[in-house]
Amino acid sequence: MNPAAKRPLILVDVGNTNTVFGIDRGEDLLESFRLSTDTERTADEYGALLLPLFDRFGVDPGDAEAVVVSSVVPPLQPTLDRLARRFFGQEPLFVEPGVKTGLPIRYDNPAEVGADRIVNAVAARELYGSPVVVVDFGTATTFDVINQAGEYTGGIITPGISISAEALFAQASRLYRVDVRRPDQLVGRTTAGAMQSGIYYGYIGLVDGILERLLREVPGPPKIVATGGQAELIAGGSRYIETVDQRLTLLGLQQIYARNRES
């Protein structure tokens with residue numbers, strides 16, 4: 001949380017598919033909203049989309065205390081820099097090497113770890129203790145491990161459920177596009193039902209198979225926390241996911257900002 005802030009803190013989580021903007025005014029996250037991530041969109045176009053949303057919640061962008069950004073889309077960094085300076089009057093704080101996170105990273109090359117994974121780990125350790133495993137369902141699905149000592153020890157990356165399904169649609173000439181959702185029954189009686197069952201339960205098997213191995217290997221046992229756009233869908237069928245927290249990345253950005261503001 002950010003109890004000392006009276007002015008709004010703008011939190012930005014840039015993923016490969018969507019970008020989430022959050023507003024924090026010191027008591028709790030006031031609101032968040034999601035735009036598609038588009039590297040062709042200009043800072044002015046982002047501003048034109050955002051200003052009505054801020055106006056709806058009575059927030060003046062010019063009053064922003066700071067803009068904090070986690071991004072896994074490097075080409076968007078200049079656009080976000082211009083957006084923050086032009087519409088919020090602030091130089092943005094990007095989560096990148098050199099920013100204080102308070103999280104020891106036991107990775108061969110810490111600079112390779114995506115900013116979102118670090119931010120999620122910071123929030124999960126603070127909110128749920130350690131050990132903890134964070135499963136983030138985005139374009140890719142990432143499993144990140146924080147050990148009993150509160151250190152980030154690494155993770156696992158797999159294709160996300162949506163791009164896995166897209167590969168099936170694209171490569172099988174007699175199959176067609178279906179909604180990715182939990183089917184009504186395991187054994188499909190139509191081609192669409194059979195595809196939905198395979199996509200959904202196949203992905204549940206992938207997730208639970210990895211979590212089962214992690215639970216055997218990581219001393220603790222760790223708590224399992226999920227976040228990301230497909231988290232509720234998958235958690236509904238998983239044997240191991242205990243908690244879904246869609247605020248995790250934004251709360252991690254809050255905590256990282258507080259640590260760097262105090263320094």
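All values below come from the heavy atoms of this structure, side chains included, with hydrogens, waters and symmetry mates left out. Residues take their numbers from the sequence shown, with the count starting at 1. It should be emphasised that the depicted structure is a prediction, and the values quoted were computed from it without experimental measurement.
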Is a salt bridge present between R86 and D44, judged by a nitrogen-to-oxygen distance below 4.0 Å? yes
Kindly compute the distance separating CG (L251) from CD (Q246), expressed to the nearest 0.5 Å. 11.5 Å
Atom CG in N16, atom OG in S71: separation rounded to 0.5 Å? 8.5 Å
Under 4.5 Å between side-chain heavy atoms, hopping through other hydrophobics if needed: is there a path connecting L49 to V73? yes
With sequence neighbours excluded, residues passing ring pair (Phe, Tyr, Trp, His ring centres under 6.0 Å) with F169: none
Please report the interatomic distance OG1(T19) to CG(L76), rounded to the nearest 0.5 Å. 6.5 Å
Which donor-acceptor pairs under 3.5 Å do the side chains of residues 131-141 make with protein atoms, sequence neighbours left out?
residue: D136; atom: OD2; partner: N120; partner atom: ND2; Å: 2.9
residue: T139; atom: OG1; partner: T17; partner atom: OG1; Å: 2.6
residue: T141; atom: OG1; partner: Y203; partner atom: OH; Å: 2.6

Within 45° of the six-membered ring axis of Y200 and under 6.0 Å from that ring's centre, is NZ or CZ of R182 located there? no
Under the criterion side chain to side chain contact (heavy atoms under 4.5 Å, CB included), I'd like the reasoning laid out for T249 against V20: C-alpha separation, chi angles, the key distance, then a yes or no. CA-CA 9 Å; T249 310; V20 179; over 6 Å; no
CG (L50) and CD1 (I23) are apart, to the nearest 0.5 Å, by 9.0 Å
Enumerate donor-acceptor pairs with a distance under 3.5 Å from any side-chain N or O in residues 210-229 to protein atoms, sequence neighbours excluded.
residue: T227; atom: OG1; partner: D245; partner atom: O; Å: 2.8

Between Q90 and E65, do the side chains contain a donor N or O and an acceptor N or O under 3.5 Å apart? no
Considering all heavy atoms of both residues, which atom of Y46 and which atom of D38 are nearest to each other, and what is their separation? OH-N, 3.2 Å
Spatial distance of atom CD (Q255) from atom CD (E126) [nearest 0.5 Å]: 5.0 Å
Answer yes or no: is there a donor N or O on one side and an acceptor on the other, between the side chain of D208 and the main chain of R239, under 3.5 Å? yes
Please check if I241 and L127 belong to a single hydrophobic cluster, counting links between Ile, Leu, Val, Met, Phe, Trp and Tyr side chain heavy atoms closer than 4.5 Å. no
So, for V119 and L253, which heavy atoms are closest and what is the spacing to 0.1 Å? CG1-N, 3.5 Å
Using a 4.5 Å cut-off on heavy atoms from C-beta on, say whether the side chain of V180 contacts that of V178. no
Report all side-chain donor-acceptor pairs from residues 188-198 shorter than 3.5 Å, counting only partners two or more places apart or in another chain.
residue: T190; atom: OG1; partner: G193; partner atom: N; Å: 2.9
residue: Q196; atom: NE2; partner: D179; partner atom: O; Å: 3.1
residue: S197; atom: OG; partner: L186; partner atom: O; Å: 2.4

Side-chain heavy atoms nearer than 4.5 Å, only ILVMFWY residues, links allowed to pass through others: does that put L206 and I157 together? no
Compare every heavy atom of I204 with every heavy atom of G237, then report the nearest pair and how far apart it is. O-CG2, 3.5 Å
Tell me, please, which residues at least two apart from A111 pass side-chain contact (heavy atoms from CB on, under 4.5 Å). P97, N109
Consider only side-chain heavy atoms of I, L, V, M, F, W and Y, link residues closer than 4.5 Å, and tell whether L248 and I156 are in one cluster. no
Test: D63 and R7 ion pair at under 4.0 Å: no
From R117 CZ over to S70 OG, what is the distance, rounded to the nearest 0.5 angstrom? 12.0 Å
What heavy-atom pair brings V99 and I256 nearest, and what distance separates the two atoms? CG1-CG2, 3.7 Å
Taking a hydrophobic cluster as the set of Ile, Leu, Val, Met, Phe, Trp and Tyr residues connected by side-chain heavy atoms closer than 4.5 Å, whether directly or through intermediates, do Y240 and Y128 fall within one such cluster? no
Can you give me the closest heavy-atom contact between V14 and V69, atom names plus distance? CG2-CG1, 4.2 Å
Donor-acceptor pair, R41 side chain versus S36 backbone, under 3.5 Å? yes
Search all heavy atoms of G15 against all heavy atoms of V72 and return the closest pair with its distance. CA-CG2, 3.8 Å
Check for a donor-acceptor pair, side chain of Q171 on one end and backbone N or O of L168 on the other, with a separation under 3.5 Å. no
With F88, which residues qualify under ring pair (Phe, Tyr, Trp, His ring centres under 6.0 Å), at least two apart? F54
